[in-house]
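Report on the structure given below.
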Amino acid sequence: MSPDSRATLRGVVERVTFHTEETGYCILKVRPEKGGGGELVTVLGNTPRVVPGEEIEARGAWVQNAEYGRQFKAEHMKLARPKSLDGLVHYLGSGLIEGIGSKYAKRIVDKFGTEVFDIIENTSARLQEVEGIGKKRRTEIRDSWMKQKAVHSIMVFLHEQGISTSRALRIYKTYGEEAVQVLQQNPYRLAADIHGVGFKTADSIAAQMGMAKDAPPRIRAGILYALDEASGSGHTCLPRPLLLENAAKMLDAALELVELQLEGLLAAAEVVQEHIGGEERVFLATLHHAEKRVAMRLRTLLERPATHPPMDEDKAIAWCQQKTGLALAESQQRAVKEALRQRMLIITGGPGVGKTTIVNTVLTILRAKKVRTVLAAPTGRAAQRLGESTGLEARTLHRLLEYQGEGVWGRNQNKRLDGDLFVIDECSMVDTQLMSRLLDALPEEAHLLLVGDADQLPSVGAGAVLHDCISSDVVPVVKLTEIFRQAAQSRIITAAHSINHGLMPDLKPSAEADFFFLERNSGEEIQQTIVQLMKERLPARYGFDPAKDIQVLCPMNRQLLGTRAFNEVLQDALNAGHEMQFEVERFGIKYRAGDKVIQTRNNYDKGVFNGDIGHIRTVESEPVKITVAFDDLLVEYEPGELDELQLAYAITIHKSQGSEFPCVIIPLAMAQFIMLERSLIYTAVTRGRRLVIVVGEQKALGTAVRNGEGRRRYTGLRERLGKG
DNA sequence: GGTCGGCC
């Protein structure tokens, strides 16, 4: 809204056409104070409570609605008690006050006039002077009125602090009549209690309320915020000196002051400090609890020998190979035996090392021995793949643990899961809190098989569970390196290995190679080269279908080399559309038949999962309907469901985790500096089965490859598992 | 130099 379109409207609320307490949204008919020929105008806005007869002062702008004509859209509205007698009758008789209808409203106003509020509040006994009002009704009127007044004064107070109506409503709903008190005592409680209010908002409210920069509640909130921020980038804790430094900088406060308040938080058990790995580390209480639970449960598991049915392992493996027709290599057989012997085992390794074959063999053998198996994975897509590759039911961890939203888990230490062997795939994506939920719900006698690639991108949430378990040296691990899927001389594989060791991969061009680096030193050149590769060079040379076989993987969404820009140019280049073709536009993105799309959240009704890639088969009009083919599965989308889809000519490397493609193209430049990290490049390169091409700046590739430990996550799990 | 991502 431009500043000159702002306007102020004053008048009397004649009618409340619509009002919902849920959001406070309202549509009012207002008689303006002056001018306008006394004609009613429509006002749209937000307020917790509005009563006909009230005087309104609204700030906002006039807008034109196609259906309803000119309306006043209020950003802010202030309502006040009516002053005129007519208004008073209207107001009191609106149902606002229990015990007063339109009849009594008239009688009361006739009797007391504008002093009516004073009478109700201070000398309510006088209400009994009105015919028909006894003691009971008089008390009812007074109580009801005082409650209304409290709500009103809270809203006025919040508005005075510069808090918007919708936020004020949420605050009022959370704290009720104590809202003002809560805010005056500690506005930082808002950050903890109100969704959508963070430290920064609370801090600016506190500043407006006149709270000093070095006030203890402010410093404490800042420390908690610094830890919360850290958990957002994957740390379950921070070394004490780093935490103090971060918090002091953000709060613009003295280090000693921060240190003092940290002691207060420790005493209040809101944070926990522990001496780990030769230094003091500070945790948020919740993460500390989760990490300790993980360590404790894992150590209990590890103390017990496996209790699988006794068997001759070699015979069992031979039987299984015969049954399935799959021949196991020596390294795979060793992994299977370990899994049969251990209470808990981690199987880790990159793509193509045969993790799936090992899991299948273990499952086949143990199921033949009547062992009850349970399969799960952290993402819907990974669960679906696990289910397909084993032919058994596999669920997301959230579904397995019967997650009900809002922190409620149906399965926990009081209601444990059923099963003898739990197989969790794609464990690199499991964070500390989810792992602690799983271990809590695991039966005492359960066996646990964790499968994943520790070199891939770390979990979204805080922690590095798989990493920490492996490096603790106390959890049995089978690390697979022998490649079965690709040819051993594959440059993709050797490049992936180099990257993992922090070395620049071999970039010398060779006609036989399946890994290429094309040096381009400007964003425009990189983009042009990739479009050309996809449209002309790769289909001509290798016979790839651009939309089906080739996947562009970007480090970022934004910028010239991000997914958004690539999707736009690649859609233009590969599927330009024509005049006769019906297309649907949504949020600036056009969807046409032939487009490559990706599903962005799990949809169990449709049977598609976050990360599934498909192609638009048809786009129909009247009614608008888009049909997408995911392999053999045809899925229909209504216009309102299109937010579940995005164009997928280019996707982020993060989103590609867990998928593979015949050909992968990776744009890489220093402009993506912030993202350049070893695990990112490793993940991208290992997505390609037959051909991987990196296009961009050699310096960017070098930066990424070297940046391995730079982004280490602060956790305490490794040490907890190790000793002490 | 300023970012990505899961689940219900």
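Not measured: the values here are computed from a predicted model.
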Round to a whole Å and report the spacing from CD of E229(A) to C1' of dT3(B). 13 Å
Take the protein atom CZ of R564(A) and the nucleotide atom C1' of dC4(B), then report the distance between them rounded to whole Å. 12 Å
What nucleic acid atoms does R558(A) come within less than 4.0 Å of, heavy atoms only: base, sugar-phosphate, or nothing? sugar-phosphate
Between dG5(B) and S459(A), is there an OP1 or OP2 to side-chain N/O distance shorter than 4.0 Å? no
How close or far is atom P of dC7(B) from atom CG of L434(A), stated in whole angstroms? 11 Å
Closest to the Y604(A) side chain, choosing from dC7(B), dG5(B), dG1(B): dC7(B)
Between Q559(A) and G232(A), just flag the one whose closest nucleotide in DNA chain B comes earlier from the 5' side. Q559(A)
Of the candidates dG2(B), dG6(B), dG1(B), the side chain of D431(A) sits closest to dG6(B)
M670(A) or N610(A), whichever maps to the more 5' nucleotide of DNA chain B: M670(A)
Here the distance between atom P of dG5(B) and atom NZ of K655(A), to the nearest Å, is 6 Å
Any donor and acceptor pair, going by atom type alone, linking the side chain of R411(A) with main-chain N or O of A441(A) inside 3.5 Å? no
Looking at dC7(B), I'd like to know if its phosphate oxygens (OP1 or OP2) sit under 4.0 Å from a side-chain N or O belonging to R399(A). no
Could you state the CE-P distance from M429(A) to dC7(B), rounded to the nearest angstrom? 9 Å
Under 4.0 Å between any heavy atoms, over every strand shown, what does G380(A) touch: base, sugar-phosphate, or nothing? Just pick one. sugar-phosphate
Round to a whole Å and report the spacing from CZ of R411(A) to P of dC7(B). 21 Å
Would K200(A) count as a cation-pi partner of Y225(A), with NZ or CZ less than 6.0 Å from the six-membered ring centre and within 45° of the ring normal? no
Please tell me if N557(A) has a side-chain N or O lying less than 4.0 Å from either OP1 or OP2 of dT3(B). no
Between H398(A) and Y403(A), how do the two ring planes meet: parallel, tilted or perpendicular, split at 30° and 60°? perpendicular
Does T396(A) have a side-chain nitrogen or oxygen under 4.0 Å from the phosphate oxygens OP1 or OP2 of dC8(B)? yes
Kindly point out which of dG6(B), dG2(B), dC8(B) is positioned nearest to the side chain of N602(A)? dC8(B)
Rounded to the nearest angstrom, tell me the gap between atom CZ in R385(A) and atom C1' in dG6(B). 14 Å
What are the two closest non-hydrogen atoms of V423(A) and L386(A), and how far apart are they? O-CD2, 4.4 Å
What's the closest nucleotide to the side chain of M556(A) if the choices are dC8(B), dC4(B), dC7(B)? dC4(B)
When the ring planes of F609(A) and Y604(A) are compared, do they come out parallel, tilted or perpendicular, using 30° and 60° as the limits? perpendicular
Assess whether one donor atom and one acceptor atom, taken from the side chain of H398(A) and the base of dC7(B), lie less than 3.5 Å apart. yes
Going by heavy atoms in the side chains, are M534(A) and V552(A) under 4.5 Å from each other? yes
Separation of atom CD in Q599(A) from atom P in dC7(B), rounded to whole Å: 11 Å
